[in-house]
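The next block holds one structure in the form of structure tokens; read it before the comments.
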Number of protein chains: 2
Amino acid sequence: MAVTIYDVAREANVSMATVSRVVNGNQNVKPATRKKVLECIERLGYRPNAVARGLASKRTTTVGVIVPDISKSYYAELSRGIADVATMYEYNIILSNSDKRTSREVELLEDHLGKQVDGLIFMSDSITEEIRHEMETANVPIVLAGTLGSGTNLPTVNIDHEQAAYEAVKKLIDNGHKRIAYVSGPLTRDINRLCKKVGYERAIKEAGLPIIEEYFIETDNTYDDAYEQWRKLSTMKERPTAIFAGNDEIAVGIMNGIRDDGFTVPTDIELICFQHTLLSRAVRPQLTAIVVPLYDLGAVSMRLLTKLMNGEEVEQMEVELPYRIEERQSTN
Amino acid sequence: MAVTIYDVAREANVSMATVSRVVNGNQNVKPATRKKVLECIERLGYRPNAVARGLASKRTTTVGVIVPDISKSYYAELSRGIADVATMYEYNIILSNSDKRTSREVELLEDHLGKQVDGLIFMSDSITEEIRHEMETANVPIVLAGTLGSGTNLPTVNIDHEQAAYEAVKKLIDNGHKRIAYVSGPLTRDINRLCKKVGYERAIKEAGLPIIEEYFIETDNTYDDAYEQWRKLSTMKERPTAIFAGNDEIAVGIMNGIRDDGFTVPTDIELICFQHTLLSRAVRPQLTAIVVPLYDLGAVSMRLLTKLMNGEEVEQMEVELPYRIEERQSTN
DNA sequence: ATGAAAGCGCTAACAG
DNA sequence: CTGTTAGCGCTTTCAT
């Protein structure tokens with residue numbers, strides 16, 4: 001049996017209340033008493049039981065993080081931001097992978113809530129009706145990190161993907177391109193359908209260029225699929241001269257396809273993408289990219305959550321972080 | 001106030017013991033009663049409080065995972081393996097980053113233990129005396145994942161890095177190379193000092209070649225540093241003709257250095273490395289690499305932990321997973 | 001098959 | 001400044 005607060009109290013000849021006070025840093029303890037108690041704690045190797053504490057205080061100092069897939073560098077980076085701020089505010093994190101399956105997301109929400117997390121950070125492609133409903137039953141704050149709230153009025157931290165996509169494509173247009181393809185991730189994802197694609201089309205239209213259906217390519221977001229999909233573009237009579245890619249993994253797949261066909265980037269084809277990983281900088285030529293502040297997205301989300309958990313007034317429930325476009329070697 | 005087991009009991013006209021039984025799937029409940037209880041649970045929206053349950057049962061169905069840095073794809077991949085098996089056995093995961101700082105590791109161990117995790121998976125560079133001591137105070141099983149036990153007799157899941165390094169270098173030797181450099185991560189890490197370097201030297205010696213001090217380059221394990229360090233190699237009169245890199249991020253840094261200097265891989269210089277990320281396959285030429293089964297390392301660790309937590313007899317406390325060398329384009 | 005009752009280890013009034 | 005006393009919500013004997 002582990003040593004309990006009661007053992008310490010007995011050993012130190014004080015009540016458990018006093019022990020509790022010194023453990024919790026309550027000032028109402030005579031220094032001498034504190035010292036005595038601390039000694040006993042040390043001697044007995046007492047380690048407060050957070051579960052009992054959680055039950056008694058109704059705070060677990062634990063927050064849930066539901067993420068599509070932690071093995072994806074995008075979410076891993078974001079999670080690190082969350083974790084660092086969590087540590088700063090003395091919260092632990094329960095981390096679960098949803099694979100973006102709604103049924104799993106619901107399960108996890110239920111699960112985390114059952115574990116009495118003090119708050120929750122949620123990441124996904126989109127908030128389905130079911131999820132939204134589930135979230136309403138929660139009695140703790142939930143913030144969406146890098147995730148579209150779409151209609152929910154949930155607190156959110158994100159960047160303006162639509163505008164970022166617009167600017168990226170605009171840049172290609174300014175470089176004189178007329179035939180610009182967009183190689184996207186799955187359109188089932190709100191972020192691709194509602195943001196990146198819309199930004200792309202806005203830039204194209206604004207420049208008075210036609211929206212060409214064939215210039216839109218959907219991939220499953222993997223390097224390998226992107227590499228394959230390049231075929232579609234390469235065999236067109238009116239081959240695009242510039243490509244906007246949904247992320248750098250796609251961009252690298254495309255770029256390798258381009259080069260394996262004997263073309264050169266950026267001479268023959270210019271390339272720009274969203275940067276989610278080291279890939280953008282590690283490949284040659286390095287990719288001109290929209291740098292997404294993943295770590296900050298996580299950190300700010302967690303910071304927002306701490307405020308919400310503390311019942312602090314929060315002015316901005318929808319935080320929009322800045323991004324920047326870093327010009328490298330895949331554009332002129 | 002949330003609805004409790006007592007509310008359900010009252011509503012269903014049974015005792016809380018009975019409600020507890022149906023919630024926990026105990027068979028000693030008349031089907032009719034079970035049905036009635038289930039209805040009330042549904043109607044009231046009852047959600048069992050895992051904290052109270054944990055306190056009463058002394059099992060939290062939560063395991064701790066202490067990882068150096070989740071944003072590193074190496075650990076992210078491993079963690080995903082852990083998480084999937086954890087889900088399978090209905091455990092949640094508390095995930096914390098240690099940045100490999102011993103003081104932080106001790107803190108986290110203490111912290112997780114306080115949260116009453118049922119078990120712990122630990123990853124780091126090496127187990128210091130302090131950590132080992134801390135681990136001894138734990139009353140739950142701890143397994144080391146992808147981490148050298150070095151003398152502790154803790155359960156461990158890993159690959160034979162020494163042998164893998166040996167085979168990689170051997171391959172270079174078989175390809176006729178006499179001047180083979182080893183570009184390593186920090187030697188402060190057991191895995192580099194005690195495994196990879198030793199394997200490298202074993203292969204060199206076995207081939208009757210001299211161990212040349214200059215051919216050993218230490219980096220901080222980042223792409224950027226590796227890129228810089230290439231200078232040291234490039235300016236040597238007896239420039240190496242083959243390089244063994246501690247991981248693919250290093251390898252890519254080196255490779256880009258090589259190419260920016262106008263040399264060609266593998267024609268001028270052959271390259272082989274440990275594969276930790278997608279990088280190996282995404283760069284051109286693709287890197288010949290020792291494929292480390294990161295996901296499996298995590299999955300098997302967690303599986304082992306479940307056995308330990310169940311008090312099952314475990315025959316092998318030190319599991320060694322197979323690896324393979326995948327020949328790609330950076331070697332002939 | 002079901003209920004009563006005693007904790008699990010701690011916090012949080014409330015007294016003094 | 002310190003002690004007493006209720007719980008927190010659930011599991012778990014032990015009876016019945």
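Each chain gets a letter, A, B and so on, in the order the sequences are listed, and its residues count up from 1.
Taking atom OH of residue B:Tyr6 and atom P of nucleotide D:dG7, one finds them 13 Å apart after rounding to whole Å. Rounded to an integer number of Å, the gap from B:Arg47 CZ to D:dC8 P is 19 Å. Rounded to whole Å, atom P of C:dC10 lies 9 Å from atom CG of A:Asp7. With rounding to whole Å, A:Arg53 atom CZ is found 16 Å from C:dC8 atom C1'. Per the geometry, CD1 belonging to A:Ile41 stands 10 Å off P belonging to C:dC10, to the nearest Å. If you measure from atom CE of B:Met16 to atom P of D:dT13, you get 15 Å, rounded to the nearest angstrom. Note: CG (A:Leu55) to C1' (D:dG7) measures 9 Å, nearest angstrom. Rounded to a whole Å, the CZ atom of B:Arg10 is 16 Å from the C1' atom of C:dG3.
Taking 4.0 angstrom as the limit, B:Lys58 places none of its side-chain polar atoms (N or O) nearer than this to OP1 or OP2 of D:dC10. Using a 4.0 Å cut-off, some side-chain N or O of A:Thr33 falls inside it from OP1 or OP2 of D:dT2. OP1 and OP2 of C:dG9 both lie 4.0 Å or more from every side-chain N or O belonging to A:Thr4. One finds a side-chain N or O of A:Tyr46 lying less than 4.0 angstrom from the OP1 or OP2 phosphate oxygen of C:dC10. An OP1 or OP2 oxygen of C:dA4 is reached within less than 4.0 angstrom by no side-chain nitrogen or oxygen of B:Ser15. Contact check, A:Ser20 against C:dC10: no side-chain N or O comes under 4.0 Å of OP1 or OP2. Proximity of B:Thr18 to the phosphate of C:dT2: no side-chain N or O atom is located under 4.0 Å from OP1 or OP2. The phosphate of D:dT11 has OP1 or OP2 within less than 4.0 Å of a side-chain N or O from B:Asn24.
Using a 4.0 Å heavy-atom distance criterion, B:Ser57 is classed as a sugar-phosphate-only contact. B:Val14 comes within 4.0 angstrom of sugar-phosphate atoms only, judged by non-hydrogen atoms across all strands, and of no base. Contacts of A:Asn28 with the nucleic acid, taken as non-hydrogen atoms under 4.0 Å apart, include base atoms. When heavy atoms are screened at a 4.0 angstrom cut-off, A:Asn13 is found touching the sugar-phosphate backbone but no base atom.
In A:Glu42, the CD atom is not crowded: 12 or fewer heavy atoms of neighbouring residues, nucleotides or ligands sit closer than 6.0 Å.
Remark: the A:Arg47 side chain and the B:Thr137 side chain contain an N/O donor-acceptor pair separated by less than 3.5 Å. Of the N and O atoms on the side chains of A:His276 and A:Ser73, not one donor lies less than 3.5 Å from an acceptor on the other residue.
Partner of A:Val67 under the side chain to side chain contact (heavy atoms under 4.5 Å, CB included) criterion, out of A:Ile121, A:Leu95, A:Leu108: A:Leu95 alone.
The rotation axes computed at either terminus of the helix from C:dA1-D:dT16 to C:dG16-D:dC1 lie 30° apart, taking five pairs at each end and rounding to 10 degrees.
Here A:Asn158 contributes atom CG and A:Glu320 contributes atom CD; the two are 8.0 Å apart, rounded to the nearest 0.5 Å.
Scanning atom types as modelled, one donor and one acceptor separated by under 3.5 angstrom connect the side chain of B:Arg21 and the base of C:dG3.
Here the nucleotide nearest the side chain of B:Asn49, chosen from C:dG3, D:dG9, C:dC10, is D:dG9.
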Begin from the C-alpha positions of B:Leu44 and B:Glu11 and carry the test side-chain contact (heavy atoms from CB on, under 4.5 Å) through to its verdict. CA-CA 9 Å; B:Leu44 301 185; B:Glu11 188 78 6; 4.0 Å; yes

Evaluation steps, side-chain contact (heavy atoms from CB on, under 4.5 Å), between A:Lys100 and A:Arg189: CA-CA 10 Å; A:Lys100 299 181 176 167; A:Arg189 306 195 184 177; 2.8 Å; yes

Start with the C-alpha distance between A:His161 and A:Leu194, add both sets of side-chain angles, then the distance that settles side-chain contact (heavy atoms from CB on, under 4.5 Å), and finish with yes or no. CA-CA 9 Å; A:His161 284 91; A:Leu194 270 28; over 6 Å; no

